[in-house]
Asks: 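Mind looking over this structure? Questions follow.
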Amino acid sequence: MGIMTVSFLGWTLDNPIIPASGTFGFGLEYASFFDLNQLGSLTTKAITARPRFGNPTPRIAEVPGGMLNAIGLQNPGVDDVIEVILPKLAQVFQKPIIANIAGSVVEEYLEVIDKLNSEPQIGAFEINISCPNVQEGGMVFGTNATLASDLVRRSKQHSRKPLIVKLSPNVTNIVDIARAVEDAGADALSLINTLVGMAIDREKARPVLANKFGGLSGPAIKPVALRMVFQVFEQVSIPIIGMGGVMTAEDAIDFILAGATAVGVGSANLRDPFACPKIIEALPGLIQHLGWSNIKSMIGGAHEKRHHRL
Amino acid sequence: MSRLVVQSNQWFADKVYQMVLSGAKPHEPGQFVMVEISKGIDFFLRRPFSIADSKNDRLTLLYKVIGRGTSYMTTLIPGDTLDVLEQLGNGFRIDPNRQDVCLIGGGSGVFPLLGLARRLHERGIRPTAFLGFDTKQSACLISELSRVCQVAITTMDGTLGEMGNVCLYQAMYQHSYYYAVGPMAMLKAIAQKTTNGQMSLEERMGCGFGACMGCTIMTKKGPAQICKDGPVFSAGDLIWE
């Protein structure tokens, strides 16, 4: 076991760095920048049952310390993903991937799961119950413990792969949702998705985004994300992919210490397509510099209970 | 991704600066770059810029100063380095057999036409350029373009050339093919007359290389990313509301 390896959902990840859904397409654009096999895994853009065009433009706005997006789950639909995209991805990435799944209604999630079950490249499903940029589905499920729990239970019945549930930070108490989906059978959690926000174009006196509101990501949300990972870690026993504003190896380590087993890198990829390989390269030196023997031993290291245990 | 060195960064016209960068890869006319304007997280996203010209390892950018980011860019001085994603987008397609072409530029849409005009000139094609500006003070590239093109100018206030909008210039529709860059309203007006040409589009971008889906438009061939499938499209493939 190397200094960076972690166990996650029964697989061994070479390192805990996983590009987050929606910021990495289906990996293909990034394959022209670096060898994707350096990554621990990768998360696909959200896949829905049928093709989705998404929202009108502008879909992107820069804000201090990050960005807003309101893409609206644009994707070619599950059939095209299976027929066209996954074979292309198989040529450039040989590790198990995480397929992010979204839908307007429960049945749509189940349809996508049923179709993707037999794809050997997919190591796990990430159920997206937290997209803030669609009218139906998405965050509607993630902000209601009963709906979330029902969706996860039914997804679990259909899924032949481990189920990760991606949580929304736009809730009163994320621990309640985390516990509900754990009880419903989730194998792991991803947190956090984006925080709902907006930007105003004061010259034109109207919202910058055509969708009015969008999801805030980037360094601005890291303290919120860390706090939520820290809280959830203490209350659930399933592993966590922590994410929110990770730009550097230092950021990644903060999430590990807060309780994450793996770390998602999101909008950093858009600013710098080499963000993930740079983080991976810097991690071993940082782990040693901080006086730890390996990253696995650092998981949850910032919790008092852990300190007593050590 | 490359570290490019600022060779010069000067006022060029009203609200327009010219920046020359060295250490660049060769670019086709119509391609663009994404510039990380500062290392900090204050300007989180890169900025997309069209390329006025690319020669040897020199890249000439003209940029309009419109927001915090471009205002900050004006403070960069020779010797500063910038992290730049290069050779993005498809660029204009040039058919050497097509001689009777015109260039249509509105506002900052004029910038990428310089490199295109020079490339056409190298191929023995001398196009006519129809350029539209708000006013005389914002007009630029006229002398540079005049060396390789016939140039016709309009300004909205009539302070230079003919008064009015560039797409009202009927002469340009007598050419059999066009390359058009400018505001959407201008492109739409041209496309309604004829779709025999290529148009370069602009949109707010997240990444510039096709990953974030921030700049998607619907075309007659399905959804397209302006950054990756464009920015240059055949006018006939575009859909106008």
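Below, chain A is the first sequence line, B the second, and so on; all start at residue 1.
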Asks: Using heavy-atom distances under 4.5 Å, tell me whether A/S267 contacts chain B through its side chain, its backbone, both, or neither.
Replies: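 Backbone plus side chain of A/S267, per the 4.5 Å heavy-atom cut-off to chain B.
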Asks: Do other residues, nucleotides or ligands put more than 12 heavy atoms under 6.0 Å from A/E281 CD?
Replies: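 No.
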Asks: Please state whether the side chain, the backbone, both or neither of B/M34 comes within less than 4.5 Å of a heavy atom of chain A.
Replies: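 It is neither, since no heavy atom gets under 4.5 Å.
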Asks: Which one wins on heavy-atom pair count under 4.5 Å against chain B: A/P273, A/G218, A/G65?
Replies: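 The residue among A/P273, A/G218, A/G65 with the greatest pair count is A/P273.
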Asks: Return the CZ to SG distance between A/F24 and B/C207, rounded to the nearest 0.5 Å.
Replies: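 That separation rounds to 11.5 Å.
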Asks: How far apart are the closest heavy atoms of A/I71 and B/C212, and which atoms are they?
Replies: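 In terms of heavy atoms, the two residues are closest at CD1-O, 3.3 Å.
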Asks: Counting only non-hydrogen atoms closer than 4.5 Å, does A/D272 touch chain B with its backbone (N, CA, C, O), its side chain (CB onward), both, or neither?
Replies: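 Answer is both: backbone and side chain atoms of A/D272 are under 4.5 Å from chain B.
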Asks: A/P58, A/G22, A/P56, A/A61: which one forms the most heavy-atom pairs within less than 4.5 Å of chain B?
Replies: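 Among A/P58, A/G22, A/P56, A/A61, the one with the most close pairs to chain B is A/P58.
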Asks: Step through the shown structure and confirm whether more than 12 heavy atoms of other residues, nucleotides or ligands are within 6.0 Å of NZ on A/K278.
Replies: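 Counting other residues, nucleotides and ligands, NZ of A/K278 exceeds 12 neighbours.
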Asks: Quick one, A/R59 with B/T216, criterion side-chain hydrogen bond (donor to acceptor under 3.5 Å, both in side chains). Give me CA distance, side-chain angles, the key distance, then yes/no.
Replies: CA-CA 9 Å; A/R59 297 175 169 184; B/T216 307; 3.0 Å; yes
Asks: What part of A/A70 is in contact with chain B, defined as an atom under 4.5 angstrom from a non-hydrogen atom: side chain, backbone, both or neither?
Replies: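 The answer is neither part of A/A70.
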Asks: Apply side-chain contact (heavy atoms from CB on, under 4.5 Å) to the pair B/I217 and A/F53, showing each step before the final yes or no.
Replies: CA-CA 9 Å; B/I217 52 162; A/F53 176 72; 5.5 Å; no
Asks: Quick check on A/F26 against chain B: is it the side chain, the backbone, both or neither that has a heavy atom closer than 4.5 Å?
Replies: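 For A/F26, no heavy atom lies under 4.5 Å from chain B.
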Asks: With distance as the sole test, does A/E62 use its side chain to make a donor-acceptor pair with the main-chain N or O of B/F44 at under 3.5 Å?
Replies: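 Yes; judged by distance alone, with no hydrogens or angles, the pair exists.
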Asks: Does atom CZ of A/R206 have more than 12 heavy-atom neighbours from other groups under 6.0 Å away?
Replies: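 Atom CZ in A/R206 is not crowded, with 12 or fewer foreign heavy atoms closer than 6.0 Å.
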Asks: Scan A/L209, A/T57, A/V208 and name whichever one has a side-chain contact (heavy atoms from CB on, under 4.5 Å) with B/R204.
Replies: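 When side-chain contact (heavy atoms from CB on, under 4.5 Å) is applied between B/R204 and each of A/L209, A/T57, A/V208, only A/V208 qualifies.
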Asks: Is it the case that atom NZ in A/K95 sees more than 12 heavy atoms from other parts of the structure closer than 6.0 Å?
Replies: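 It does: A/K95 NZ has more than 12 such atoms within range.
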Asks: For A/K204, does the NZ atom sit with more than 12 other heavy atoms under 6.0 Å from it, leaving out its own atoms?
Replies: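 It does not: A/K204 NZ has 12 such atoms or fewer within range.
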Asks: With a cut-off of 6.0 Å (strictly less than), are more than 12 heavy atoms of other residues, nucleotides or ligands near CD of A/E203?
Replies: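 Result for CD/A/E203: open.
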Asks: If you count heavy-atom pairs within less than 4.5 Å of chain A, which of B/G69, B/G222, B/G206, B/P223 leads?
Replies: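 Maximum pair count with chain A is reached by B/G206.
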Asks: Is the count of non-hydrogen atoms from other residues, nucleotides or ligands lying under 6.0 Å from A/K88 atom NZ greater than 12?
Replies: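 12 or below, so no.
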Asks: Between A/R271 (side chain) and B/L45 (backbone), is there a donor-acceptor pair under 3.5 Å?
Replies: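 Side chain of A/R271 to backbone of B/L45: no pair is present.
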Asks: Is it the case that over 12 heavy atoms from other parts of the model lie below 6.0 angstrom from the NZ atom of B/K55?
Replies: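 Counting other residues, nucleotides and ligands, NZ of B/K55 stays at 12 neighbours or fewer.
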